[in-house]
Amino acid sequence: MYFAPESLRSPLSDSLAITVQNSTLTSRQLRSLHAQILTNGFLRCRPAPLLAAFISSCFRSHCPHYASSFLRSIPNPPPSLWNSTVRLSLRSEKFPAFLGLYGGMLRDGVKPSKTTLSAILRSCAAYSATRLGESFHSQVVKVGFEFDVILQTGLLDFYAKAGDLPSSRKVFSGMPERDVVADNAMISALSKNGCVEEARKLFDEMPQRNAASWNLMITCYCKLGDIDSSRRMFSLNPDKDTISWNAIIDAYFKLHDPAVAYELFVRMGPARNYVSWNTMISGYVRCEEYGKAISTFQEMQAANVRPTEVTMVSLLSACAHLGALAMGEWVHNYITRKRLKVDSVLGNALIDMYCKCGNVEAALEVFDQLETRNIFCWNSIIVGLGMNGYGERAVDFFTMMTEEGVKPDGVTFVGLLSGFTHSGMVAEGRRYFSQMTETYRIEPGIEHYGCMVDLLGRAGLLKEAIELIQTMPMKANPQVWGSLFRSCQIHKDTELGEKVVRQLLELDPRDSGNYVFLSNLYASLSRWDDVSCFRKLMIEKGVRKIPGRSSIEVDNVMHEFVAGDTTHPQFEQINLFLDEVARKLKEHGHEPDKALVLHDIEDEEKDSAIRYHSERIAVAFGLMSLPPGKTIRVVKNLRTCSDCHSVLKIISSVFQREIVVRDKKRFHHFKDGYCSCKDYW
DNA sequence: TTAGGGTTAG
């Protein structure tokens with residue numbers, strides 16, 4: 001809380017200060033405050049803190065333009081006010097405002113303070129604002145500001161993070177004197193740009209090293225995949241600090257050794273800080289141990305360590321992978337309760353979580369409320385809409401994105417094109433695929449060709465799909481052949497299908513799915529000898545099929561069911577309930593596909609009866625355990641079989657329940673006997 | 001001046 005100096009104390013200045021310190025203001029409130037400040041003689045007395053508080057309030061209220069018009073309305077604003085305003089504009093991620101303010105400051109003859117200059121460099125580096133940083137650089141040169149070692153090092157850091165290694169080198173070699181900090185910055189530049197060997201050489205030649213130098217090398221060797229050298233840097237460092245421990249723990253996670261990482265975390269003991277916890281949580285997410293990520297978060301809370309935005313991002317990522325909507329909602333709630341700052345990274349994590357948990361409306365709400373949206377946020381919403389079967393809405397967002405001046409990238413087009421596949425929008429796919437190169441100058445990668453092959457194939461345009469594979473500039477990978485095979489299956493082109501799957505087996509002999517593809521194909525043709533031949537081949541080669549797993553969240557607990565699994569404590573009740581389900585299905589004229597029971601082994605073990613397919617057990621458990629009207633949300637690791645798909649449609653209407661199933665690749669929203677995929681998957 | 005965070009086709 002700001003209080004004006006005694007001499008300036010008046011009810012008005014106090015009330016102004018209070019208003020200004022309050023959270024967000026509307027632009028009308030800002031205007032009226034501005035008028036009050038101008039007309040009440042404040043300016044003559046210059047209560048600098050009040051002026052600064054008002055400016056801060058402009059940024060907090062997302063009206064940066066008020067800050068600059070306010071500054072312009074003050075005769076000779078003090079240099080400190082200029083500087084703090086410029087720094088605020090950086091912190092609020094409002095670069096256009098920053099540029100205007102910075103130019104205004106220079107025109108006003110105010111030299112930026114050293115704090116401001118380093119803040120600018122740091123921000124440019126942090127936000128990879130390459131052009132901005134460069135224009136800043138030239139402006140600074142123009143006004144004749146002298147670069148000392150610290151500023152040059154900042155500049156070096158900026159160019160390093162912007163990925164501009166040549167400029168980093170130029171700055172570094174042009175430095176009249178170098179200290180440890182400068183050498184460290186150059187090591188960091190080299191390491192970040194993949195020139196790990198060179199970084200190592202520089203480190204070896206350094207006349208002086210500090211803790212930071214050793215710590216940098218831990219990460220540097222980790223990038224080389226050389227964990228032994230990372231560990232050596234850790235051990236040799238004479239000033240081991242918390243950062244050293246955190247760096248080595250992270251290195252083990254990055255090289256997929258969570259067990260050693262955990263061991264070090266335990267050994268670290270009281271030296272742990274919040275970053276150590278965040279490293280553990282994000283590390284488990286990286287190693288796909290989502291349950292451990294969540295339990296580590298619970299331990300973090302028990303240890304009374306305050307979680308940060310970074311913690312939340314990792315947690316949300318775990319929820320997204322698990323499809324744990326209730327947990328994700330809890331995290332969102334926690335963020336609001338603890339007033340954590342939802343920046344573009346955290347916002348993106350929320351959007352992604354909601355999309356991957358099948359709650360698109362919540363994702364859209366987060367998206368709308370974001371102050372700053374970067375390419376990640378746009379991509380996540382576009383990918384998410386497509387994945388949930390809303391191809392047209394994805395296009396709407398693409399249009400909005402370009403209208404807002406955000407340039408789409410390769411990921412955007414993957415999202416769009418894959419979304420079109422899920423909605424059968426062939427014409428749009430063609431249009432955007434050509435727009436990609438013609439309008440946006442993005443070279444299509446294998447993933448884009450893969451999307452197109454999928455889109456064309458699924459629409460029955462198999463010939464065109466094959467032609468595209470033959471004419472594309474790179475060799476098709478297993479994914480491309482795999483999607484073409486699915487299309488052959490859907491459109492019953494067994495001849496082409498057999499050719500495709502043989503290609504697949506050659507490229508990817510370890511992938512169990514490919515063998516399953518082929519034996520399914522033979523089964524559909526009643527070529528049983530070939531079926532058993534391939535099963536034998538699978539056993540010989542030691543290729544194991546992945547069992548189907550489905551999970552459902554009830555009362556904040558994740559229940560996982562594996563196909564044919566009878567070990568759940570409530571299995572007997574579930575089984576009785578499945579009988580009832582089967583009875584009701586029969587009443588509605590559904591006959592299970594017997595052929596599928598015996599031969600469709602794509603997703604489940606052959607011998608487990610179809611009624612024990614994991615998604616069916618999970619849905620039955622949901623019907624039993626969740627209150628009426630509550631949507632049943634199931635996450636499955638593989639694709640749903642066609643029989644389960646039609647059963648779930650019937651269940652949604654007979655039991656009047658919405659069911660959302662996330663399978664390996666997309667969402668199915670079942671309601672009133674229909675599925676959002678329109679049986680197109 | 002060093003440690004921890006986000007989107008990608010079957």
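Below, chain A is the first sequence line, B the second, and so on; all start at residue 1.
- Donor-acceptor pairing under 3.5 Å is recorded for the side chains of A:N246 and A:S276.
- Side-chain nitrogen and oxygen atoms of A:H321 include none within less than 4.0 Å of the OP1 or OP2 phosphate oxygen of B:dG6.
- Atom-to-atom, CE of A:M217 to C1' of B:dA3 comes out at 16 Å; the value is rounded to the nearest Å.
- Within 4.0 Å (heavy atoms only), A:K356 reaches sugar-phosphate atoms of the nucleic acid but no base atom.
- Note on A:L417: nothing from the nucleic acid sits closer than 4.0 angstrom, heavy atoms only.
- Donor-acceptor pairing under 3.5 Å, judged by distance alone, is absent between the side chain of A:D241 and the base of B:dA3.
- Proximity note for A:Q479 (side chain, C-beta onward) versus B:dG10, B:dG4, B:dG6: the nearest is B:dG10.
- The residue A:L316 sits apart from the nucleic acid: no heavy atom pair falls under 4.0 Å.
- Residues A:Y432 and A:V395 are in side-chain contact: their nearest non-hydrogen atoms beyond the backbone lie under 4.5 Å apart.
- The side chain of A:R486 has B:dG10 as its nearest neighbour among B:dG10, B:dG4, B:dT8.
- A cation-pi arrangement is absent between A:R272 and A:W245, since the terminal nitrogen or guanidinium carbon is not both under 6.0 Å from the aromatic centre and inside a 45° cone about the axis.
- Within 4.0 Å (heavy atoms only), A:Y274 reaches at least one base atom of the nucleic acid.
- Cation-pi contact between A:R393 and A:Y390: present, with separation from the ring centre below 6.0 Å and deviation from the ring axis of at most 45°.
- Taking atom CD1 of residue A:I218 and atom P of nucleotide B:dG4, one finds them 11 Å apart after rounding to whole Å.
- No engagement by A:I351 is indicated, since no non-hydrogen atom pair under 4.0 Å with the nucleic acid exists.
- The CG atom of A:L385 sits 13 Å away from the P atom of B:dT8 (whole-angstrom rounding).
- Across the protein-nucleic acid pair, A:R272 atom CZ and B:dG4 atom P stand 18 Å apart, rounded to whole Å.
- We find that CD1 of A:I446 is positioned 13 Å from P of B:dG10, with the value rounded to whole Å.
- Relative to the ring axis of A:Y440, A:K407 does not place its NZ or CZ within 45° and under 6.0 Å from the centre.
- Rounded to whole Å, the distance from CG on A:D250 to C1' on B:dG5 is 11 Å.
- For A:N348 and B:dT7, a side-chain-to-base donor-acceptor distance below 3.5 Å is absent, hydrogens and geometry of angles not being considered.
- Contacts with DNA chain B (heavy atom under 4.0 Å) in residues 183-191 of chain A: none are found.
- Rounded to an integer number of Å, the gap from CD of A:E447 to P of B:dT8 is 12 Å.
- Residue-level contact check: A:N477 touches the bases, meaning some heavy atom is under 4.0 Å from a base atom.
- With hydrogens and angles ignored, a donor-acceptor pair closer than 3.5 Å exists between the side chain of A:N374 and the base of B:dG6.
- Remark: the backbone N or O of A:C488 is not paired with any side-chain donor or acceptor of A:H491 at under 3.5 angstrom.
- A salt bridge does not link A:R200 to A:D204: none of the charged side-chain nitrogens sits closer than 4.0 Å to a carboxylate oxygen.
- When heavy atoms are screened at a 4.0 angstrom cut-off, A:R286 is found touching the sugar-phosphate backbone but no base atom.
- Between A:M452 atom CE and B:dG10 atom P the separation is 14 Å, expressed in whole Å.
- Using modelled atom types, no side-chain atom of A:D183 and backbone atom of A:R178 make a donor-acceptor pair closer than 3.5 Å.
- When distances run from any side-chain atom of A:A212 to the nucleotides B:dG10, B:dT2, B:dT7, the shortest one goes to B:dT2.
- Taking only distance into account, the side chain of A:T308 meets the base of B:dG4 through a donor-acceptor pair shorter than 3.5 Å.
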